[in-house]
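Only one structure is covered here, and it is reproduced in the block below.
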Protein chains: 2
Amino acid sequence: MSSFDPTEQRLAVTCRRQPAFPREPAVLVRLIKHLYKRVHDDANAMLKPWGISHAEYNILMMLYGTEGYTLNPSQLAEAAGEKSANITRLADNLCDKGLIERTASDEDRRKVSLTLSRAGLAMIDDFMPAVCALLESQTAGMKPAETAQLERLLKKFLGQLERD
Amino acid sequence: MSSFDPTEQRLAVTCRRQPAFPREPAVLVRLIKHLYKRVHDDANAMLKPWGISHAEYNILMMLYGTEGYTLNPSQLAEAAGEKSANITRLADNLCDKGLIERTASDEDRRKVSLTLSRAGLAMIDDFMPAVCALLESQTAGMKPAETAQLERLLKKFLGQLERD
DNA sequence: TGTTTGTATTTCAGATATGAAATATATGGA
DNA sequence: TCCATATATTTCATATCTGAAATACAAACA
């Protein structure tokens, strides 16, 4: 019994009432939504002891995954999947917490560099065991071939959404 | 070239820096986030002419997919994947727009019934062609066997997240 | 009956996210 | 040079969402 069952049941009724309604994409889209909400909530709960949100975590980790630990707000927006107005706010918060540093670029003065601070790096090292444990538990029941297949299909789906 | 490439690239760097970091679940979680944002934005854009949001659309469609077009806020919260405090607000808006009706239950006076109105039904009939077109375009590049496999794997993933 | 415990919904304050406009700088011609 | 257009970021008003507390009723039972 999954929390998704009531949703699926209601999609079935919709299909009966609207013969043109395409079940498969509708189910996929709603599964994505359910999964995202769940993953987002779990991540927020896990990160609570460190006083950062899932969105802030994503910013820190995108900087961490970059040579030089530095990105511009616009690169960060793409990597973290946030709108640029939101990046400004998140970066403000992370600066206030001392986890990143904001410096002006001199090569292009429109640009801003956001760099992981020493404290930001230390926090990542600190929460990393908890993050790894959560991530591992999330796929614990799936075989490597299944997760690889899921990755492939999700990328194909994303590619389709982004065509044109 | 996908908008996901920069993210994936940064996850690869993270794996190099943190050998314990499990790539596969991290990639899946971030793909889910990217997909959700995209689907959510596209749905909002498509629905704009009708003056409703993606979240409001989900409420309407969950009522539409129910015998009697009626649900309680708590059932709606589960079906639509929203927190109950949010259902109250969304239902308020939909009532103001005349798309649903709120009535007290007499069998259990704590409960509230939210019912699709005549105008709500008419709006669904009206936007249905655009909804179907969007949904179909979203999986246009995938074979039925692939979407079925994706559905199966997403359900397995969700099941894993919800164990315990 | 009265009391306790549980469930359904709403309220409220604060967090989070958004679009559109504003600001500042860059770039490529005329 | 001057101008038009493009890019990067922020600001601001508003929309959206959340947790926690408050409210209202139900159900079980001493």
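Chain letters run A, B, ... following the sequence lines, proteins first and then strands; every chain starts at 1.
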Quiz item: Counting any heavy atom closer than 4.0 Å, what does A:S84 reach on the DNA or RNA strands: base, sugar-phosphate only, or nothing?
Solution: base
Exercise. Pick base, sugar-phosphate or nothing for A:T88, based on heavy-atom distances below 4.0 Å to the nucleic acid.
Key: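 Base, at least one base heavy atom under 4.0 Å.
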Quiz item: Rounded to the nearest 0.5 Å, what separation is found between the OG1 atom of A:T66 and the CG atom of A:L114?
Solution: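 Nearest 0.5 Å value for the OG1-CG distance: 11.0 Å.
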Self-check item: Rounded distance [0.5 Å steps], OG in B:S137 versus CG in B:D42
Solution: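 Interatomic distance, B:S137 OG to B:D42 CG, rounded to 0.5 Å: 8.0 Å.
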Nearest-Å distance for atom pair [atom1]/[atom2], residues [X] and [N]:
X      : N      : atom1 : atom2 : answer
A:H54  : D:dT18 : NE2   : C1'   : 16 Å
B:I87  : C:dC12 : CD1   : C1'   : 18 Å
B:I52  : D:dT16 : CD1   : C1'   : 16 Å
A:L47  : C:dA15 : CG    : P     : 18 Å
A:E78  : D:dT7  : CD    : C1'   : 15 Å
A:K111 : D:dT10 : NZ    : C1'   : 17 Å
A:R109 : C:dA26 : CZ    : P     : 6 Å
B:L114 : C:dA8  : CG    : P     : 14 Å

Quiz item: If you pin A:Q75 and B:N93 to their nearest nucleotides in DNA chain D, which one's is more 5'?
Solution: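 Looking at DNA chain D, the more 5' nearest nucleotide goes with A:Q75.
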Exercise. Kindly say whether A:G159 contributes a backbone atom to a donor-acceptor pair with the side chain of A:E162 at under 3.5 angstrom?
Key: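 Judged by distance alone, no pair lies under 3.5 Å.
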Quiz item: Is it true that a side-chain atom of B:R10 and a backbone atom of B:T7 form a donor plus acceptor pair closer than 3.5 Å?
Solution: no
Exercise. Give me the residues of residues 59-70 of chain A where at least one heavy atom lies under 4.0 Å from an atom of DNA chain C, by number, or none.
Key: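 Contacts with DNA chain C under 4.0 Å: none.
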Pairs: protein N or O with nucleotides 18-23 of chain C N or O, under 3.5 Å:
none

Quiz item: A:H54: what forms a ring-ring contact (aromatic ring centres under 6.0 Å, His included) with it, not counting sequence neighbours?
Solution: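 With sequence neighbours excluded, A:H54 shows a ring-ring contact (aromatic ring centres under 6.0 Å, His included) to A:H40, given in chain and number order.
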Quiz item: Where the side chain of A:R102 is defined as all heavy atoms beyond and including C-beta, which of D:dT10, C:dA17, C:dT9 is the nearest nucleotide?
Solution: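 Nearest to the side-chain atoms of A:R102, counting from C-beta on, is D:dT10.
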Exercise. Could you work out which one of C:dT25, C:dT16, C:dA8 sits closest to the side chain of A:D108?
Key: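 For the A:D108 side chain, the nearest candidate turns out to be C:dT25.
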Quiz item: Aromatic rings B:W50 and B:F127: how do their planes relate, parallel, tilted or perpendicular, breaks at 30° and 60°?
Solution: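 Taking B:F127 first and then B:W50, their aromatic rings stand perpendicular (interplane angle over 60°).
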Quiz item: Between A:L135 and B:P22, is any pair of side-chain heavy atoms under 4.5 Å apart?
Solution: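 Result yes, sub-4.5 Å side-chain heavy-atom pair found.
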Practice problem: Evaluate the side chain to side chain donor-acceptor pair (under 3.5 Å) criterion for residues B:Q18 and A:D125: first the C-alpha distance (whole Å), next the side-chain angles of each, then the deciding distance (0.1 Å), finally the verdict. | Solution: CA-CA 9 Å; B:Q18 291 278 346; A:D125 285 337; 3.1 Å; yes
Practice problem: Name the residue closer to the 5' end of DNA chain C, choosing between A:L90 and A:E107 according to the nucleotide with the nearest heavy atom. | Solution: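 In this pair, the answer is A:L90.
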Quiz item: Which pairs with one or both residues in residues 6-34 of chain A pass ring pair (Phe, Tyr, Trp, His ring centres under 6.0 Å), sequence neighbours excluded?
Solution: A:F4-A:H34
Quiz prompt | Pairs involving residues 43-64 of chain B, ordered by first then second residue, that meet salt bridge (Lys or Arg N to Asp or Glu O under 4.0 Å) (sequence neighbours left out) | solution = B:E56-B:K97
Quiz item: Does a salt bridge link B:K155 with A:E8, judged by any charged N lying under 4.0 Å from a carboxylate O?
Solution: yes
Quiz prompt | A:E67 bridged to B:R17 by N-O distance under 4.0 Å | solution = yes
Self-check item: Protein proximity profile, nucleotides 1-7 of chain C - base contact B, sugar-phosphate-only contact S, no contact -, cut-off 4.0 Å on heavy atoms
Solution: -----BB
